[in-house]
Each structure stands twice: as structure tokens, then as C-alpha cells.
Amino acid sequence: MDLRPLIRDVPDFPKKGIVFKDITPLLGNASALAFSIDAIATAHIGKGITKVVGIESRGFIIAPAVALRLCAGFVPIRKPGKLPWKALSESYGLEYGSDTIQIHEDSLEASDRVLLVDDVLATGGTMGAALKLVQRAGATVVGTAFLIDLAFLGGAKRIGQPVFSVVAYQ
Ligand code: AMP
């Protein structure tokens, strides 16, 4: 199924110079939504995944659906100040300034095998920091999955873990 007609380019959102990939037409299409979740889940069946970690905020739309298909739990990675319990933090550089994400320190165990999920892979900074959080929490990373890989930005190289994407823009 070709998902590209259901991914809308929005120029200069949320700021000038960024072409935002709006996935809401894809999410609203029953066939495209099922196809996307199936594609991610099918690629990871049989790998012993026990937790699917989703990154706030659009990763939260996809990760729990994948977790259900893999009979795995869901663990959120959130922006600072949102998690109520003791949390580990990782900061990463943006074009201007930096950002921080957090995970509950007791959300993963040494026996956990983790798939990390987000909507879009751009430079890989966000997923790179998320990987560090999962590793610091003591679990094993099995791979990463995205609806969209902006492959021309080279994020996959920066991640250094298996990358699965439903749609890649070369
Ligand atoms: P990065 O850390 O550069 O890989 O950026 C990935 C994060 O920023 C993801 O959580 C995406 O939701 C968001 N993001 C980055 N670029 C875009 C884009 N062009 N369209 C939509 N979301 C984006």
C-alpha cells in the first residue's frame, strides 16, 4: 500500500524552514492505519520483545497499538516534568539549543527486550537519547521503528541500531 498520498507536507510548521510530515490523513484512514501498525508489528514478531517504548508525543499514537500486536507492555518516554515517579533524563542537541526526555527508572528490567517507536526519524537526535535511556534503565534494545524515515537526513547512521520504517523518503 502506498502511504505517501496520505502523508501531508506542511511547509514552515512549526517554524520557518521545516517541512512537517502531517500523519493525520494516514491515521484517519482505516486501511492505512491497520497497514502501518501491521507492518511494524509483523517485522518484529518472534524477536522476544517484551516492551514497546513510545516517545512523546506522536510515538504514543503508534507504540501501544504495536505493543498490543506483540503481546508486549507499553512504556512512555516523556518530556521533562510529566512523569510522576523517579525518572532518568537524557539531553540532546537541537539545531538551536537542546531538549530533554525522561523515562521512569523502574519501567524496564534487565530481562526486557525493547522495541522503540516514534512517528518520524529525522536527524536521529531524539531516538539516540531514547536509546540511551533504555540502555541506562538496564534493558536490551532489539530495534527501532518509525512510520516515516527522512532517510536523506541520515538519522539511521546516528542511531547505530536496527531501523525499520514503513515509508522512507530518500
Ligand atoms: P530528530 O530528533 O531530528 O530525529 O527528530 C525526530 C522527532 O521530531 C520526532 O519525534 C518527530 O515527531 C519530530 N520531527 C522531526 N522532523 C519532523 C518532520 N519533518 N515532520 C514531523 N515531525 C518531525
Side-chain angles (χ1 to χ4, degrees), residues 2-29 32-33 35-37 39-41 43-44 51-67 74-83 87-104 107-108 114-137 139 141-170:
D2 184 13
L3 299 176
R4 281 159 213 259
L6 295 168
I7 298 168
R8 179 163 49 203
D9 280 354
V10 183
D12 297 324
F13 182 87
K15 47 186 172 185
K16 210 164 169 51
I18 293 177
V19 181
F20 189 84
K21 295 289 184 197
D22 176 18
I23 58 168
T24 59
L26 185 162
L27 296 173
N29 181 299
L33 179 62
F35 177 88
S36 302
I37 300 301
I40 296 173
H44 296 92
K51 296 278 193 330
V52 179
V53 170
I55 303 174
E56 187 174 5
S57 52
R58 285 179 300 278
F60 287 4
I61 300 167
I62 305 152
V66 173
F74 165 70
V75 172
I77 283 183
R78 299 210 63 181
K79 289 165 184 160
K82 300 284 188 185
L83 289 171
L88 305 173
S89 300
E90 273 293 332
S91 295
Y92 55 101
L94 298 171
E95 198 176 349
Y96 301 101
S98 71
D99 225 334
T100 301
I101 51 176
Q102 298 186 316
I103 194 168
H104 273 157
S107 57
L108 296 169
V114 173
L115 174 67
L116 292 98
V117 173
D118 204 358
D119 65 332
V120 174
L121 171 60
T123 65
T126 308
M127 186 54 83
L131 284 163
K132 284 188 192 150
L133 284 177
V134 168
Q135 285 158 345
R136 282 174 57 199
V141 174
V142 175
T144 66
F146 304 84
L147 279 185
I148 298 169
D149 178 9
L150 304 179
F152 57 89
L153 294 175
K157 284 189 206 95
R158 192 165 167 191
I159 285 175
Q161 293 282 347
V163 169
F164 176 86
S165 64
V166 184
V167 182
Y169 291 85
Q170 303 299 335

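Remember, it's 1-based here, ligands and their atoms both numbered in the order they're listed.
The distance criterion of under 3.5 Å between nitrogen or oxygen atoms is met by Gly124 with respect to ligand 1. Note: no N/O pair closer than 3.5 Å links Leu150 and ligand 1 by distance alone. Inclusion of Phe20 in the set of residues having an N or O under 3.5 Å from an N or O of ligand 1 is not warranted.
Side chain of Asp12 to backbone of Gly17: a donor-acceptor contact under 3.5 angstrom is found. With hydrogens and angles disregarded, no donor-acceptor distance shorter than 3.5 Å links the side chain of Arg4 to the backbone of Tyr169. Checked by atom type and distance alone, the side chain of Glu56 pairs as donor or acceptor with a backbone atom of Lys79 at under 3.5 Å.
The closest protein non-hydrogen atom to atom 6 (C) of ligand 1 is Val120 O, 3.5 Å. At the shortest separation from atom 20 (N) of ligand 1 among protein heavy atoms lies Lys21 N, 2.9 Å. For atom 15 (C) of ligand 1, the closest non-hydrogen atom of the protein is Ala122 CB, 3.7 Å.
Atoms of ligand 1 found under 4.0 Å from any heavy atom of Asp118 (numbered from 1 in listed order, with element): 9 (C), 10 (O). Short contacts between ligand 1 and Thr123, defined as distances under 4.0 Å to a heavy atom of the residue, involve ligand atoms 1 (P), 2 (O), 3 (O), 4 (O). Close approach of ligand 1 to Thr126 is summarised as follows: ligand atoms under 4.0 Å from at least one heavy atom of the residue are 1 (P), 2 (O), 5 (O), 6 (C), 7 (C).
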Problem - Intermediate values then yes/no, side-chain contact (heavy atoms from CB on, under 4.5 Å), Gln135 and Gln161 - result: CA-CA 12 Å; Gln135 285 158 345; Gln161 293 282 347; 3.6 Å; yes

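Just one residue in the list Val66, Val142, Thr144 forms a side-chain contact (heavy atoms from CB on, under 4.5 Å) with Leu115, and that residue is Val66.
With contacts defined as side-chain heavy-atom distances shorter than 4.5 Å, the pair Leu26/Ser36 qualifies. Side-chain contact check for Asp118 versus Leu116: every heavy-atom pair is 4.5 Å or farther apart.
Counting heavy atoms under 4.0 Å from ligand 1, residue Asp119 touches it through the side chain alone.
Note: Ile7 CD1 to Phe20 CZ = 11.5 Å, rounded to the nearest 0.5 Å. Atoms NZ and OG1, on Lys157 and Thr123 in that order, are 13.0 Å from each other to the nearest 0.5 Å.
Residue Val19 places a heavy atom less than 4.0 Å from ligand 1.
Nearest to atom 13 (C) of ligand 1 by heavy atom, out of Glu56, Met127, Arg58, is Arg58.
Less than 4.0 angstrom separates atom 10 (O) of ligand 1 from at least one non-hydrogen atom of the protein.
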